[in-house]
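Report on one structure; see the data block that follows.
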Amino acid sequence: MTFDQILFYCLAAIAIISALMVITRRNPVHSAMFLITTLFSVAGIYLQLHAEFLAAVQVIVYVGGIMVLFLFVIMLVNLEVVSTERRFNKQWIIALIASAVLLVEFGYVIVRGGKSSLLPPVTGPAQDLTRKNSEQIGLMLYQNYMLPFEIASLLLLVAIIGAVILAKRRLASDK
Amino acid sequence: MSEFSSFLLGTTIKCIVVIAVLIGAVAYTTWLERKVVAHLQIRWGPSRVGWHGLLQPIADVLKLLLKEDMTPGQASKFLYVLAPLIAFVPAALSITVIPFGNVAHFGSQTVRFQITDLNVGILFIFAVTSVGVYGVALGGWASNNKYSLMGGLRSSAQMISYELSLGLSVVSVLLVTGTLSLGQIVDLQGGRWFGIIPKWNIFVFPLFISFFTYFVSAIAETNRLPFDLPEAENELVAGFHTEYSSMKFGMFFLTEYINMITVSAIATTLFFGGWHGPTFGPLWLRGILPLFWFVSKIVAFLLFYIWTRGTLPRFRYDQLMAFGWKFLVPLSLANVVLTSLVVAWRA
C-alpha cells in the first residue's frame with residue numbers, strides 16, 4: 001500500500017466511526033463533536049484528491065458555520081430536561097421500511113445500470129497544472145454550471161427570507 | 001539527503017522557530033499592553049520585576065504554571081480539557097501560511113521566510129480560525145457554569161456574525177489581486193507608484209473601505225474591547241473561562257494574544273505590503289530588513305489595539321449585533337460590488 005492509500009483508509013475509518021458515534025451518543029453535544037470530526041476527515045479526503053478549495057470551503061461552511069449554529073441551539077436547550085423526556089429515536093419499523101426501500105432502489109440502479117454506473121478511471125488530479133484548483137472551480141461554476149448555481153443561490157435566498165418571516169411573526173404575536 | 005527529508009527537516013526547524021518566536025511575542029505583547037494601558041491611565045504599570053517590569057511576563061508564566069489546576073465537579077471532563085486545546089491549536093496553525101520575509105540565501109540553501117505557501121492560503125486561515133470558536137463555546141458549556149455558558153454563547157454568536165464581514169472584506173482584496181496565495185499577494189505589492197507611494201493594497205482605490213471593515217470585524221473576532229462581551233467582567237465574572245485555572249486558563253490567554261498577532265499579520269499582508277519596505281546597506285542587512293518591516297507593522301497594529309482598549313467603552317450586546325449585521329455586513333457587501341465594478345472598468 002502506498003502512503004496515500006494508508007492515509008485514505010485512516011481518514012475513511014475516522015469518518016465512518018465518528019459518523020456511527022454521532023447516532024449512538026446520548027449527549028447531543030458529544031454527537032455534534034463527532035459530526036465535526038466526520039466533516040474534518042471528509043475535508044482531508046478532498047485534500048487527497050487535490051481539491052484544496054473544496055476542502056477549505058468544507059471546513060469554513062460546515063465546521064465553521066453550520067455546526068456552530070447546531071452547537072449553539074443544543075447549548076441553549078436545557079439538556080437535563082431533555083434527557084428525561086421521551087426520545088424519538090425508537091422508530092424501528094419506519095426506519096426499517098425506509099432503509100429497505102432505499103436498498104431496493106440502490107440495488108435496482110446497480111443491477112439495471114450495469115456498467116454505466118462504474119465511475120470512469122481517475123485521470124489524475126489537477127491535470128491542468130497551469131490553472132489552480134480554485135480557478136478551475138470558479139470557471140466551472142460560472143460557465144458550465146451557471147444555471148444550477150443560480151438556482152441553488154435562489155433556494156438559499158428563499159430559505160433566508162422564510163426564516164426571517166417565521167421569526168418576525170412570532171415577535172408580532174408576543175406583543 | 002533526499003528532497004523529502006530535507007523538506008521535512010527545513011519545515012520542522014521553521015515551525016519550531018516560528019512557534020518559539022510567537023510565544024515569546026505573546027509574552028511581551030502582554031507586557032506592552034499592561035505598560036501602554038497603564039500610561040494611558042496615568043499609572044506606572046509593571047515596574048518591579050526587572051528594568052521597567054521587563055521580566056514580568058516570565059514571572060507571570062511561572063505563576064500560572066505553579067497554580068493549582070482545578071476542574072469543577074459537575075464539568076463535562078473530556079470537553080473541559082479539550083476546549084483550551086481546540087482554541088489554541090487553530091490559532092497557532094493560522095500563522096503557518098503568513099509570509100514574514102523575503103527569500104533569503106544561506107550558502108547553497110534557499111530559505112523562504114514562510115512555513116508554507118498554500119495556493120488557498122487565505123481560505124486556509126479562515127477555515128482554521130473558524131474552528132477556534134469551538135474552544136470558546138465548548139469551554140463555556142463544559143464548565144457547567146451559567147456565566148461561562150452565557151460567555152460561550154455570546155462569543156459564538158458574535159464570532160459567526162463578524163466572520164461574515166471579515167470574509168467579505170477579504171473578497172475585495174482577492175478581486176484586486178486575483179490570487180488566494182498570501183505569498184503572491186505580498187509579491188504583487190512590491191514597488192512604488194511615481195517613485196514615492198508604495199504599491200500597498202491600502203492605496204488601491206476602494207480597498208481602504210475593506211481595510212476598515214476587516215479591522216473592525218477582526219477586533220470583534222478576537223473578542224477585544226470594545227467588542228469583548230464574551231468576557232465582560234462586570235456582567236459575566238470572566239465569561240467563558242471563569243472556571244479555568246492554571247495553564248488551561250493560560251492557554252485561553254495565549255490564544256487571545258496569538259489571535260491578535262495573527263490578525264495584525266494578516267492585515268499587514270493583505271493591505272500594508274507584508275514585509276515590503278525600503279532595503280539598503282550590506283547583504284546581511286538586506287536580508288534582515290524585510291523581517292524588521294514586517295514586525296514593526298505588526299507592532300503598530302498591536303499598539304492600535306491597545307490604544308482602542310484604553311480609549312473606548314464596551315458595546316451593549318444588541319448594539320454589537322446591530323452594528324455587525326446592519327452596518328458592517330451591508331457596507332462590506334456594497335464594497336465588494338464597488339470593487340468588482342472598479343476591477344471590471346480597469347480590465
Discussion item. Taking side chain as everything from C-beta outward and backbone as N, CA, C, O, which of these in A/M67 sits under 4.5 Å from a heavy atom of chain B? Side chain, backbone, both or neither.
Written reply: both
Worksheet item: For B/Y134, is it the side chain, the backbone, both, or neither that has a heavy atom closer than 4.5 Å to a heavy atom of chain A?
Response: side chain
Worksheet, complete the sentence: Output for pair (A/I36 CD1, B/L138 CG), nearest 0.5 Å, gives 7.0 Å
Item to complete: Measure B/A142 against the heavy atoms of chain A and call it side chain, backbone, both or neither at under 4.5 Å.
Response: neither
Worksheet item: Around B/F78, counting heavy atoms of other residues, nucleotides and ligands shown, do more than 12 lie under 6.0 Å from its CZ?
Response: no
Item to complete: Measure distances from B/L164 to the heavy atoms of chain A and classify the residue's part below 4.5 Å as side chain, backbone, both or neither.
Response: neither
Practice prompt. Just do the side chain to side chain contact (heavy atoms under 4.5 Å, CB included) check on A/H30 and B/L79 with the steps written out, would you?
Written response: CA-CA 9 Å; A/H30 294 173; B/L79 290 177; 3.7 Å; yes
Discussion item. Non-hydrogen contacts under 4.5 angstrom with chain A: give the residues of residues 322-335 of chain B involved, or none if there are none.
Written reply: none
Discussion item. So which residue, A/V59, A/V68, A/V57, ends up with the most heavy-atom pairs under 4.5 Å with chain B?
Written reply: A/V68
Worksheet item: Just wondering, do B/E163 and A/I60 contact through their side chains at under 4.5 Å, heavy atoms?
Response: no
Fill in: B/F126 atom CZ, neighbour heavy-atom count above 12 within 6.0 Å
yes
Discussion item. Need one label for B/L153: side chain, backbone, both or neither, based on atoms under 4.5 Å from any heavy atom in chain A.
Written reply: both
Discussion item. What I'd like to find out is whether the side chain of A/F40 reaches to under 4.5 Å of the side chain of B/V131, using heavy atoms alone.
Written reply: yes
Worksheet item: Taking the side chain as C-beta and beyond, is there a heavy-atom pair between A/E52 and B/L123 under 4.5 Å?
Response: no
Fill in: Nearest heavy-atom neighbours spanning B/I160 and A/G64
CG2-O, 3.5 Å
Discussion item. Tell me if the CZ atom of A/F70 is crowded by more than 12 foreign heavy atoms within 6.0 Å.
Written reply: no
Worksheet entry | Closest contact, heavy atoms only, B/A127 versus A/A56 | CB-O, 3.9 Å
